[in-house]
Chemist: 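Dumping the structure here so I can ask a few things about it.
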Amino acid sequence: PSIKQGFESLVAKRSHPFYSQRLAYFACQAEDRDTARAVMARLRDQPEFRYWQGGGAGGRQNFEACQRWLKASP
């Protein structure tokens with residue numbers, strides 16, 4: 001909860017994509033569907049894989065796994 005609050009505050013205050021990308025990543029890792037859906041909707045399929053833990057191919061895999069998880073869940 002404190003990481004979520006901190007990143008939500010940073011997303012509101014700063015326009016750098018790092019904060020929203022990481023918030024989405026952390027929400028998926030924490031299985032927080034509501035937050036993940038809201039942030040992913042704002043990303044509009046424009047991920048920056050370097051912010052998705054591992055960057056490059058690993059970041060892409062994490063982003064795509066999050067998308068699949070959200071599509072598979074109610």
Side-chain angles (χ1 to χ4, degrees):
S2 59
I3 291 174
K4 178 184 173 185
Q5 290 171 344
F7 269 91
E8 286 175 337
S9 175
L10 289 167
V11 167
K13 292 177 184 176
R14 310 217 190 277
S15 62
H16 196 282
F18 170 82
Y19 302 109
S20 56
Q21 302 278 333
R22 289 302 278 184
L23 177 57
Y25 171 75
F26 287 135
C28 287
Q29 293 298 303
E31 297 184 358
D32 179 351
R33 284 183 176 89
D34 293 336
T35 301
R37 278 195 179 108
V39 179
M40 293 288 277
R42 290 194 307 260
L43 297 180
R44 297 188 187 131
D45 293 326
Q46 296 177 357
E48 292 196 33
F49 300 124
R50 62 187 169 171
Y51 302 133
W52 280 79
Q53 193 63 29
R60 178 183 293 274
Q61 289 173 345
N62 288 332
F63 177 79
E64 291 171 353
C66 184
Q67 283 184 313
R68 284 191 304 275
W69 172 70
L70 288 172
K71 288 178 184 175
S73 59

Chemist: State which residues pass side chain to side chain contact (heavy atoms under 4.5 Å, CB included) with Thr35; sequence neighbours excluded, sorted by chain then number.
Modeler: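 Thr35 satisfies side chain to side chain contact (heavy atoms under 4.5 Å, CB included) with Lys4, Glu8, Leu23, Ala27, Asp32, Val39 once adjacent residues are dropped.
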Chemist: Could you pull out all residues at least two apart from Tyr19 that satisfy ring-ring contact (aromatic ring centres under 6.0 Å, His included)?
Modeler: none
Chemist: Kindly give the heavy-atom pair with the smallest separation between Leu43 and Ser20, and that separation in Å.
Modeler: CD2-OG, 3.9 Å
Chemist: Per the side chain to side chain donor-acceptor pair (under 3.5 Å) rule, what does the pair list look like for residues 50-62, sequence neighbours excluded?
Modeler: Gln21-Trp52, Arg22-Gln53, Glu48-Arg50
Chemist: Can you name the side chain to side chain donor-acceptor pair (under 3.5 Å) partners of Arg37, sequence neighbours left out?
Modeler: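 Per chain and number, Arg37 pairs via side chain to side chain donor-acceptor pair (under 3.5 Å) with Ser73.
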Chemist: Under 3.5 Å, which donor-acceptor pairs link side chains of residues 63-70 to any protein atom two or more places apart or in another chain?
Modeler:
residue: Gln67; atom: NE2; partner: Asp45; partner atom: OD1; Å: 2.9

